[in-house]
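Encoded as structure tokens, the structure appears first; notes follow it.
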Amino acid sequence: MKDNRCILIVPYLCAWFIISCDSLYIPDEQQNSNQIKITEILNDGAIVLGEKLDNPYSLKNMQRALDTLMATKGMESIELEATDLYVRFRPTDTLQYRLLMDQNIELFDYPLTYDLLSDGDHYHDPSIPEDEITWQYTVVPVDQIDTDVQYEEIDFDVIDENDLPVFHLITDEVAKVSGRIIDACYFPENDIITKSGIGLPVSAEELEAMAIQLSNLPEEYKNIPETKVAEYNPHGYIKFEYIEEGAPKTSGVKGVKVRAQRLLRWSSSFTSSTGYFTIPKKFGSKVNLSIVYENTNDFVIWGNYAFLAPAKYTFKDCITGALIARTLENSQKTKSAWKWAVVNNSAYEYYDYCRTEGISPPPDKLKIWCIKTNG
């Protein structure tokens, strides 16, 4: 465990710290530099994409679901208007990436409407050079894009994926970041009121369930109205394995963000000091569960995207109705996630040590950059 090292970059001061898996210390001669020479960024285990899935939240599918429900009530349907857009960004530089992060947008490096065939710590679009930032996927409200884009008129069924319509994200900054619209979506929430002010005589749950049922999705994604497959709060624990005095032991990954995602819906929470978590949103069937190495102690671990974003590791197909138990091993499959977990706990425990001993903790919003060293 002492072979792992990382650089802690302190905001504004650019001071360097070294952290081992057991302790943290400050070198006698602190280096002040804006240049950081890295050896080999941890980059194990790419996510493999499977089948592309139908999007039940597309405006087209939601409208079809509403038409079906209204017909069963003997009522004339109402035309829905998009509430959100499923989009992808391709930041051209670190400034654009940070601008996206500053908008508190949840970013995914894999497309959200695909099955995942493998766990992994990253996905990189094969059409994009390895040394460039890959597509980042998310959903944004329609009022967060520039008004020049007439997305209502776009035929998303026939448009070439390589020629998706371009938009600019509205931010408080002068700088702009552009993205491409993959689909216009409608997300029913609580009492359904259209933009025209007309209420709908169906519940959000009814509309969402019907859209999922009518969409061309595999059965495991569907909540069949007749059988009403239950929805659950994904819950469980994330641990990592280590050797102490020749015996294998485990430790919960402490205070780390855990994100559950199913198609275009997601929710997140943080683990306890023993590694347990409960996601606040309910999901049916299965979810993709990601460890996002942001911590409740206000530090972030950089990894597969260097100093751009928190390190991540995703487990596919976690069953929501059962305890989700994942233990990271120091093996080829989960080596990067295991190392990030070790460093996460070392930093977490150091913060606790500072509080207990009355020592000033590291600066707020600390960034820990994990790199590989020889040995």
Does any N or O in the side chain of D146 come within less than 3.5 Å of the main-chain N or O of H168, such that one atom is a donor and the other an acceptor? yes

Say whether D119 and T314, considering side chains only, have a donor N or O and an acceptor N or O under 3.5 Å apart. no

Is Y237 reaching over with its side chain to a backbone N or O of V253, donor-acceptor style, under 3.5 angstrom? no

Side-chain touch L263/L217, heavy atoms, less than 4.5 angstrom: yes

Carefully, step by step, assess I145 and I170 under the rule side chain to side chain contact (heavy atoms under 4.5 Å, CB included). CA-CA 5 Å; I145 73 163; I170 297 174; 5.7 Å; no

Please report the closest heavy-atom contact between P56 and A211, naming both atoms and the distance. O-CB, 3.5 Å

Could you give the distance from OG1 (T92) to CD1 (I133), rounded to the nearest 0.5 Å? 7.5 Å

Aromatic plane relationship, Y110 with F108 - under 30° parallel, 30 to 60° tilted, over 60° perpendicular: perpendicular

Salt-bridge contact K286-E220 (side-chain N to carboxylate O under 4.0 Å): yes

Where the side chain of T250 meets the backbone of K239, is there a donor-acceptor pair that is under 3.5 Å apart? no

Do R180 and W135 touch side chain to side chain, with heavy atoms closer than 4.5 Å? yes

Is the distance between the ring centroids of F315 and Y313 under 6.0 Å? yes

Taking Q63 for the side chain and L80 for the main chain, is one N or O donor matched with an acceptor at less than 3.5 Å? yes

Taking only Lys NZ, Arg NE, NH1 and NH2, and the carboxylate oxygens of Asp or Glu, determine whether D67 and R64 approach each other closer than 4.0 Å. no

For N233 and K282, does a side-chain donor sit closer than 3.5 Å to a side-chain acceptor? yes

Spell out, yes or no, whether V292 and W338 are grouped together once hydrophobic residues are joined by side-chain heavy atoms under 4.5 Å, including indirect joins. no

Compare every heavy atom of E241 with every heavy atom of T327, then report the nearest pair and how far apart it is. CG2-N, 4.1 Å

Validation row: R98, P91 side chains within 4.5 angstrom (heavy atoms): no

Under 4.5 Å between any side-chain heavy atoms of V166 and S178, yes or no? yes

Count the heavy atoms belonging to other residues, nucleotides or ligands that lie under 6.0 Å from CZ of F270, then report whether that count exceeds 12. yes

Grab the two heavy atoms, one from H235 and one from T278, that are nearest each other, plus how far apart they are. CB-OG1, 3.9 Å

Could you tell me whether E76 atom CD has more than 12 heavy atoms of other residues or ligands within 6.0 Å of it? no

Return the CG to CG distance between D317 and L289, rounded to the nearest 0.5 Å. 11.5 Å

Can you name the closest pair of heavy atoms from A341 and L328 and give their distance? CB-CD1, 3.9 Å

Check: Y350 and P362 side chains under 4.5 Å, non-hydrogen atoms: yes

Do E132 and R90 come within less than 4.5 Å of each other through their side chains, counting heavy atoms only? yes

Does N295 reach the main-chain N or O of G255 with its side chain, forming a donor-acceptor pair under 3.5 Å? yes

Cluster overlap I238 with Y276, hydrophobic side-chain contacts below 4.5 Å: no

Going by an N to O cut-off under 4.0 Å, is there a salt bridge joining R265 and E208? yes

Would you check if Y97 and L107 make a side-chain contact, meaning some heavy-atom pair closer than 4.5 Å? yes

Distance flag, aromatic centroids of F89 and F167, threshold under 6.0 Å: yes

Starting from L117, can I reach Y123 by hopping between I/L/V/M/F/W/Y residues whose side chains sit under 4.5 Å apart? no

Side-chain donor or acceptor of N330 paired with backbone N/O of Y242 under 3.5 Å: no

Could you pull out the closest heavy-atom pair between V142 and D84, with the gap in Å? CG1-N, 3.7 Å

Taking only Lys NZ, Arg NE, NH1 and NH2, and the carboxylate oxygens of Asp or Glu, determine whether R262 and E231 approach each other closer than 4.0 Å. no

Can S267 and F283 be said to form a side chain to side chain contact (heavy atoms under 4.5 Å, CB included), step by step? CA-CA 9 Å; S267 180; F283 291 85; 4.1 Å; yes

Side chain to side chain contact (heavy atoms under 4.5 Å, CB included) between H124 and E130, intermediate numbers included: CA-CA 7 Å; H124 195 96; E130 286 290 335; 4.0 Å; yes

Quiz question: by atom type and distance under 3.5 Å, do the side chains of Y221 and D115 form a donor-acceptor pair? yes

Transitive ILVMFWY side-chain link L112 to V48, under 4.5 Å: no

From K249 atom NZ to I243 atom CD1, the distance as rounded to the nearest 0.5 Å: 10.0 Å

Electrostatic pair E349:K254 at N-O distance under 4.0 angstrom: yes

Shared hydrophobic cluster, M75 / I78 (ILVMFWY, side-chain heavy atoms < 4.5 Å): yes

I need the S346 OG to I301 CD1 distance, nearest 0.5 Å. 9.0 Å

Please check this pair: side chain of D298 against backbone of K365, looking for a donor-acceptor N/O pair closer than 3.5 Å. yes

Please state whether the rings of Y86 and Y137 are parallel, tilted or perpendicular, taking 30° and 60° as the class boundaries. tilted

Do Y348 and F299 have their ring centres less than 6.0 Å from each other? no

Using 0.5 Å steps for rounding, measure from the CG atom of N344 to the OG1 atom of T271. 7.0 Å

Might you work through the side chain to side chain contact (heavy atoms under 4.5 Å, CB included) test for L59 and T83, ending with a clear yes or no? CA-CA 9 Å; L59 187 59; T83 60; over 6 Å; no

At their closest point, which heavy atom of S360 faces which heavy atom of C354, and how far apart are they? O-SG, 4.0 Å

Do N61 and N55 get their side chains close enough for a donor-acceptor pair, meaning under 3.5 Å? no

Are the side chain of E206 and the backbone N or O of S203 linked by a donor-acceptor pair below 3.5 Å? yes

Within the structure provided, determine whether Y57 and F187 are in side-chain contact (heavy-atom separation under 4.5 Å). yes

Can you measure from SG (C185) to CG (L264) and round to the nearest 0.5 angstrom? 5.0 Å

Regarding D125 and T134, do their side chains bring together a donor and an acceptor under 3.5 Å, going by distance alone? no

